[in-house]
Amino acid sequence: MTLAPEGHATHDVTNQPPPLAPYDASEDTALLEGLRREGAGWAEEDVRRVGRLAGSAEVQEWADLANRHEPVLRTHDRYGHRIDEVEFHPSWHRLMRAAVAEGMAGAPWADARPGAHVARSAGGLAWGHTDAGHGCPTSMTYAAVPALRHQPDLAKVYEPLLTGREYEPELGVPARKRGLLAGMGMTEKQGGSDVRTNTTAATPTAEPGVYTLRGHKWFTSAPMCDVFLVLAQAPEGLSCFLVPRVLPDGSRNTFRIQRLKDKLGNRSNASSEPEFDGTVAWLVGPAGRGVKTIIDMVNCTRLDCVMMSAALMRKTLVEAGHHARHRSAFGARLIDQPLMRNVLADLALESEAATALTLRLAGAADRAVRGDAGEQAFRRIATAVGKYWVTKRGPAFTAEALECLGGNGYVEDSGMPRHYREAPLLSIWEGSGNVNALDALRALTRETGTADALFAELALAEGADARLDAAVGRLKALLTGGSEAGARRLVEQMALALQASLLVRHAPSAVADAFCASRLGGDWGHAFGTLPDAADLGAILGRALPGGD
């Protein structure tokens with residue numbers, strides 16, 4: 001037997017794609033067009049800068065390390081004092097510092113320019129190519145501001161810090177810090193989304209507006225945030241409270257972290273079960289109106305669920321396209337093979353539709369904040385619809401994109417398994433599919449103006465595509481007999497009609513025609529990659545993939 005000389009290569013590495021990074025995560029025509037269309041074209045250079053940063057090899061490495069080195073709970077210090085702190089890898093802090101500095105947390109609320117909230121969502125679509133876990137505290141911080149405004153005296157103290165761009169991770173007296181992060185504590189083990197069954201008790205103290213809490217929360221993400229909005233049962237009923245980790249006198253508030261959740265995805269972030277026992281809290285909004293107060297926070301985080309699902313779609317599509325462009329099989333590049341082109345084009349349609357709807361929702365949110373009643377009504381129904389549908393499409397999308405890489409996509413080094421594990425979270429967080437479908441149905445049937453706002457939006461594309469017109473007609477028929485059992489079917493039809501109307505009005509004809517033919521016209525199968533033969537795959541891919549087809 002003859003042995004190969006020491007150091008002799010046993011094989012050459014061929015037919016493997018080069019690393020994707022560095023790349024520009026903002027190189028997305030649908031993203032940039034939507035940014036301009038929704039009134040935030042002034043932020044384009046900022047979004048492009050965020051995209052280049054997100055796609056850099058260094059930041060992509062931060063995302064990988066933050067997920068490989070999971071947070072660790074430290075309940076006590078070396079001397080036995082209870083500290084209830086979570087230790088993160090340095091890469092987590094680098095991601096957080098960059099995200100806060102780039103305005104991904106509360107910054108839009110301090111920006112008077114029209115389109116500020118659109119700019120944040122567009123930046124989030126690009127920054128979402130990094131790590132989804134740290135998007136949780138930045139999202140909750142963004143969403144806490146409108147809820148906190150129900151208590152002006154508290155907002156006066158905390159809002160300037162929540163809207164700042166400095167990340168200061170160490171716990172301290174909130175009012176003395178340069179920047180704050182906010183979390184949320186709603187659900188309990190006996191109720192989940194049924195928060196009216198909460199058992200955490202709020203007892204008034206002698207000081208007006210100050211209570212003590214006793215109870216246990218089931219899912220409280222990012223426990224190292226500075227303040228939390230928490231639901232608890234006051235004598236007047238379920239109420240919303242502000243709970244700081246550190247009290248004004250510098251002492252630690254009681255916030256005993258019982259354990260960190262061992263989750264399917266989102267490994268970089270810490271989700272916890274905190275216990276309150278004599279925990280000091282400040283009332284936010286009227287006592288007994290906790291759901292009405294905190295719903296402003298929920299609506300903002302639901303928008304971010306749509307945004308992050310769209311970002312995951314785009315990230316995995318870019319990965320799949322990059323692989324297909326550089327990998328050959330059976331004598332041709334994957335991207336030149338007709339069936340792979342169909343799969344990628346189908347994914348591209350789904351991604352563009354999700355991106356367009358995300359930015360339309362962000363535009364509605366921005367204009368609603370500035371007093372547009374029509375946009376407020378549209379936002380009310382369309383955010384629930386978008387949250388249901390786009391987050392539902394995420395897991396199937398990421399699975400198909402992963403499959404485009406074959407076995408290479410099934411190994412952790414590719415990053416695709418991390419995205420796949422992450423995708424289901426966005427459908428569960430801030431209300432599962434059923435909760436959002438029923439919320440949309442409730443808005444349509446009980447809240448004045450929402451149905452009118454929805455159909456006014458759809459009417460903007462009337463006459464442009466017969467398949468869309470027919471879908472709107474079917475939707476109106478469904479509304480006449482809207483039952484709880486049929487809520488998912490109804491909301492799905494609303495989502496597809498909304499996405500189609502946006503594409504018909506704003507996307508090239510090849511994109512709009514293929515979307516309407518497949519999603520509305522029935523010329524489609526049950527999996528991605530079943531677009532009709534008439535679809536212009538080259539035009540769709542040329543628009544969607546960085547560097548063209």
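As the structure is a prediction and not an experimental result, all values here were calculated from the model.
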Report task. Determine, step by step, whether Glu188 and Thr200 satisfy the side-chain hydrogen bond (donor to acceptor under 3.5 Å, both in side chains) criterion, reporting the C-alpha distance in whole Å, the side-chain angles of both residues, the deciding distance to 0.1 Å, and the verdict. Result -> CA-CA 8 Å; Glu188 298 180 4; Thr200 296; 2.6 Å; yes
Report task. Decide yes or no on salt bridge (Lys or Arg N to Asp or Glu O under 4.0 Å) for Arg120 and Asp304, but give the supporting numbers first. Result -> CA-CA 10 Å; Arg120 175 186 176 272; Asp304 278 6; 2.8 Å; yes
Report task. Show your working on side-chain hydrogen bond (donor to acceptor under 3.5 Å, both in side chains) between Asn434 and Arg488 and close with a plain yes or no. Result -> CA-CA 7 Å; Asn434 284 355; Arg488 284 189 174 215; 2.8 Å; yes
Query raised in the report: Is there a salt bridge (Lys or Arg N to Asp or Glu O under 4.0 Å) between Arg442 and Glu447 once you walk through the steps?
Result: CA-CA 7 Å; Arg442 186 181 307 111; Glu447 299 185 25; over 6 Å; no
Report task. Check step by step if salt bridge (Lys or Arg N to Asp or Glu O under 4.0 Å) holds for Lys315 and Glu319. Result -> CA-CA 6 Å; Lys315 167 64 171 175; Glu319 293 278 4; 3.0 Å; yes
Query - Trp389 and Asn436: CA distance, side-chain angles, deciding distance, side-chain hydrogen bond (donor to acceptor under 3.5 Å, both in side chains) verdict - result: CA-CA 9 Å; Trp389 182 243; Asn436 276 272; over 6 Å; no
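Of the possible donor and acceptor atoms, none in the side chain of Asp24 sits under 3.5 Å from a partner among the backbone N and O of Gly55. With hydrogens and angles ignored, the 3.5 Å screen pairs a side-chain donor or acceptor of Gln233 with a backbone N or O of Leu238. With Asn67 contributing its side chain and Ala63 its backbone, the two residues share a donor-acceptor pair below 3.5 Å. Between the side chain of Glu422 and the backbone N or O of Asn266 there is at least one donor-acceptor pair closer than 3.5 Å.
Between Tyr142 and His117, the angle of the ring planes lies from 30° to 60°, which puts this pair in the tilted group. In this structure, His129 and Tyr23 have tilted ring planes: the angle between them lies in the 30° to 60° band.
Among residues two or more places apart in sequence or in another chain, the ring pair (Phe, Tyr, Trp, His ring centres under 6.0 Å) test is passed with Phe528 by Phe397.
Closest approach of Ala310 and Leu125 over heavy atoms only: CB-CD2, 3.7 Å. In terms of heavy-atom proximity, Phe228 sits nearest to Ser221 at CE2-O, 4.0 Å.
Each of Glu27, Glu45, Glu102 was scored for a salt bridge (Lys or Arg N to Asp or Glu O under 4.0 Å) with Arg52, with one residue passing: Glu45.
Pairs passing the ring-ring contact (aromatic ring centres under 6.0 Å, His included) check and including a residue from residues 459-491, sequence neighbours excluded, do not occur. Every pair passing ring-ring contact (aromatic ring centres under 6.0 Å, His included) that includes a residue from residues 303-323 is listed here, sequence neighbours excluded: His322-His326.
Side-chain atoms of Thr199 and Lys189, non-hydrogen and from C-beta on, never get closer than 4.5 Å to each other.
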